[in-house]
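Everything below concerns the one structure shown next.
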Amino acid sequence: MKHRFQRWSTIGILASLLGVGFGEAYSQPYRYGLVFHQHGADQVYRVNLRTSQVDTVLNLQQEIETIFTDPDATRLFVDLKWGDYRVYNALEPDSVLKVFHVDEGWMGNILLGPNDRLYISRGYHLDTDHPRGGMVIVDRTTLSVLDSTEEIIALRDPATGRLNRFVSSDGFFIYSLVDSIKSGLFFNVVSATNYANMGLRRCGSITDFTFGPVLYDARSGHAVIGYAIPPGDFADHHYRVCDVDRGISKCDIAFPFRSMAHLSGDARRLIVEDARWDTTRPQGEYRPGVIYVFDSENGHLLQRVNVPPEGNVLVFRNYPAEMFYYYFDSNGTPTSVVVNLNHVMTTTELLNSLVALKHQAQANSWLADKNFVKELDNHLENAQKHLAKRDSLNAYKEVEKFQEKVNKEYKKTVDSEKKNKPRDKRFVSVDGWKLLYFNAGYILDRLPSEKKGKK
């Protein structure tokens with residue numbers, strides 16, 4: 001048998017990422033997945049993230065396209081190939097509750113709106129440039145179809161494959177990211193009660209970008225957007241958190257492109273998974289198990305979490321900011337890790353962590369040359385001494401010099417590679433640069449400086 005995971009579809013309970021709040025009740029943390037067999041006899045299995053128990057919940061004699069749950073994880077939607085999809089009780093899927101028939105296409109994300117209504121996106125492509133889609137409105141309790149709409153809209157973001165709709169915090173409006181306006185960051189607003197188009201809502205400006213804007217996650221009326229500005233290198237990639245309900249652009253965080261961003265259940269935290277490109281791996285992407293947690297209001301780095309590599313962050317819609325799961329199965333056994341985010345890293349801790357990361361980069365051969373490494377060590381040691389004396393201004397200068405030297409050698413390394421020159425004995429690889437440049441930046445954001453004072 002063959003396991004196949006698709007980030008936006010087969011992690012079933014993660015469909016709840018795009019829902020609205022639902023009181024204090026916590027849903028059971030399950031991860032749903034698919035097992036594909038030959039001859040089209042597919043299975044749906046479920047992992048209990050609290051106990052790691054794995055159960056096969058459905059054995060179907062048909063090919064499955066993808067699976068979803070509703071925002072409260074009470075219904076399991078199974079999208080079959082060739083047009084039909086079925087609805088089951090998510091916790092006890094022993095019988096079909098409803099069968100829907102559609103002409104063609106694929107299911108989209110499932111939103112929870114007012115009056116206990118589910119908004120199920122679906123679409124099909126007339127051609128690659130003009131995707132056509134619609135929406136089916138269903139009563140969540142009876143599963144009866146209340147209405148349906150047809151529209152010309154890009155339901156799925158072409159850059160990430162993620163569906164780009166989400167609802168307001170009160171559930172009365174449906175938002176979709178508009179990616180074709182260069183003068184700012186805009187969301188289309190549609191009424192969830194009468195489906196009328198309410199126009200555009202602006203959330204700040206992003207001009208002259210080379211990549212994006214791309215919707216990475218949304219909940220509680222907030223959205224996290226990824227974009228890059230010229231020249232489009234790693235240093236120019238950003239995540240922005242927007243309060244779409246109020247049309248306010250909040251924090252803006254620089255972070256390398258090969259990463260994945262999530263919002264916590266109450267949108268108070270931005271959770272970013274580090275990822276790297278590795279051509280030696282079949283999937284081309286490697287997740288080293290490094291997770292960064294930011295305050296989504298001001299962009300401050302709160303915590304860095306180290307977990308086993310090659311996993312996925314699972315964020316639940318109705319879990320608090322202090323709770324998310326990290327799921328990995330590198331050893332073939334489903335495992336769950338609960339990370340409680342109740343500790344805020346001090347500047348001293350961040351600086352000590354940067355020292356350890358520098359040693360890690362050196363051990364991994366991501367930077368080299370004894371004299372160069374010694375220079376970097378000196379800057380960090382001096383910064384630690386200044387910080388111990390509460391001399392934050394000079395500590396800032398030392399970390400800034402560290403960051404500048406890392407960046408300078410990285411650019412020289414890239415330039416040599418472009419010219420097919422052999423690597424100099426003094427170099428910084430892209431992985432070393434990502435590890436050190438950005439972590440130094442997080443420390444600089446926390447320290448006062450003369451430049452900030454003048455500004």
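Values reported hereafter were calculated over all heavy atoms of this structure, with side chains retained and with hydrogens, waters and symmetry mates removed.
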Quick check on R246: does its CZ atom have over 12 non-hydrogen neighbours (other residues, nucleotides or ligands) under 6.0 Å away? no
Any side-chain donor paired with an acceptor under 3.5 Å for H300 and D295? no
I'd like to check L270 versus V272 (side-chain heavy atoms, cut-off strictly below 4.5 Å). Are they in contact? yes
Hey, could you give me the CD/NE2 distance between E404 and H379, rounded to the nearest 0.5 Å? 9.0 Å
Restricting to non-hydrogen atoms, name the atom on H222 and the atom on F166 that form the minimum distance, rounded to 0.1 Å. O-CE1, 4.1 Å
Please tell me whether Y410 and Y437 form a close aromatic pair, meaning their ring centres lie under 6.0 Å apart. no
Treating S168 as the side-chain partner and F173 as the backbone partner, does any N or O pair qualify as donor plus acceptor under 3.5 Å? yes
Please tell me whether Y292 and F255 form a close aromatic pair, meaning their ring centres lie under 6.0 Å apart. yes
Ignoring hydrogens and geometry, is there a side-chain-to-backbone donor-acceptor pair from D245 to S169 under 3.5 Å? yes
Distance in Å, T413 OG1 paired with R426 CZ, rounded so as to fall on 0.5 Å steps: 10.0 Å
Take L351 and L387 through the test side-chain contact (heavy atoms from CB on, under 4.5 Å) and record every step on the way to the result. CA-CA 9 Å; L351 186 55; L387 206 56; 4.1 Å; yes
Test S259 against D274 for side-chain hydrogen bond (donor to acceptor under 3.5 Å, both in side chains), laying out the working first. CA-CA 5 Å; S259 54; D274 190 11; over 6 Å; no
Would you say S353 and R304 are linked by a side-chain donor-acceptor pair, where the criterion is simply a distance under 3.5 Å? yes
Tell me, with the steps shown, if E375 and K405 meet salt bridge (charged side-chain N to carboxylate O under 4.0 Å, His left out). CA-CA 9 Å; E375 290 176 25; K405 288 188 176 182; 3.1 Å; yes
Any side-chain heavy atom of M260 sitting closer than 4.5 Å to one from V313? no
Could you please spell out the steps behind the salt bridge (charged side-chain N to carboxylate O under 4.0 Å, His left out) verdict for D415 and K419? CA-CA 6 Å; D415 185 62; K419 297 178 181 179; 3.3 Å; yes
Could you go through D266 and R268, starting from their C-alpha distance and side-chain angles, then the distance that decides it, and tell me whether this counts as salt bridge (charged side-chain N to carboxylate O under 4.0 Å, His left out)? CA-CA 5 Å; D266 57 6; R268 292 175 51 220; 3.5 Å; yes
Write down the atom of N407, the atom of W433, and the distance for their closest heavy-atom approach. OD1-NE1, 2.8 Å
Within a strict 4.5 Å, meaning less than it, do heavy atoms of the V315 and R219 side chains meet? yes
Taking side chain as C-beta onward, heavy atoms only, is E417 less than 4.5 Å from R423? yes
Is there a side-chain contact (heavy atoms from CB on, under 4.5 Å) between Y88 and V57 once you walk through the steps? CA-CA 10 Å; Y88 299 83; V57 294; over 6 Å; no
May I ask you to test the E273-H262 pair for a side-chain heavy-atom distance under 4.5 Å? yes
Go through the steps to decide whether Q362 and N364 satisfy the test side-chain hydrogen bond (donor to acceptor under 3.5 Å, both in side chains), and finish with yes or no. CA-CA 5 Å; Q362 184 180 4; N364 291 341; over 6 Å; no
With the side chain counted from C-beta on, respond yes when R117 and V138 share a heavy-atom pair under 4.5 Å apart, and no when they do not. no
Any donor-acceptor pair under 3.5 Å from D369 side chain to K425 backbone: no
When you measure from the side chain of R46 to the backbone of A90, do you find a donor-acceptor pair of N or O atoms at a distance under 3.5 Å? yes
Please report the interatomic distance CG(L444) to CD(E400), rounded to the nearest 0.5 Å. 6.5 Å
Does any N or O in the side chain of S249 come within less than 3.5 Å of the main-chain N or O of G204, such that one atom is a donor and the other an acceptor? no
Give me the atom names and distance for the closest heavy-atom approach of K250 to S296. CB-O, 3.8 Å
N306: side-chain hydrogen bond (donor to acceptor under 3.5 Å, both in side chains) partners, not counting sequence neighbours: none
Here the pair of heavy atoms bringing A218 nearest to L263 is CA-CD1, 4.2 Å
Measuring from N378:CG to F402:CZ, what's the distance to the nearest 0.5 Å? 11.5 Å
Does any non-hydrogen side-chain atom of Y175 lie less than 4.5 Å from one of R165? no
Can you check whether F294 and Y239 have ring centres sitting under 6.0 Å from each other? no
Apply side-chain contact (heavy atoms from CB on, under 4.5 Å) to residues N89 and L76 and explain how you reach the verdict. CA-CA 6 Å; N89 184 317; L76 174 64; over 6 Å; no
In this structure, CG of L177 is separated from CG of N188 (nearest 0.5 Å) by 10.0 Å
Worked verdict on T346 versus E349 for side-chain contact (heavy atoms from CB on, under 4.5 Å): CA-CA 5 Å; T346 66; E349 288 174 320; 3.3 Å; yes
What one should report as the nearest heavy-atom pair of P114 and Y119 is CD-OH, 4.1 Å
Go through the steps to decide whether K412 and E409 satisfy the test salt bridge (charged side-chain N to carboxylate O under 4.0 Å, His left out), and finish with yes or no. CA-CA 5 Å; K412 289 171 60 177; E409 290 305 321; 3.7 Å; yes
How far does CG of D431 sit from CH2 of W366, to the nearest 0.5 angstrom? 5.0 Å
Looking at side-chain heavy atoms only, is the closest gap between F187 and C203 below 4.5 Å? yes
For the student: nearest non-hydrogen atoms of L447 and A395, plus distance: CD1-C, 4.1 Å
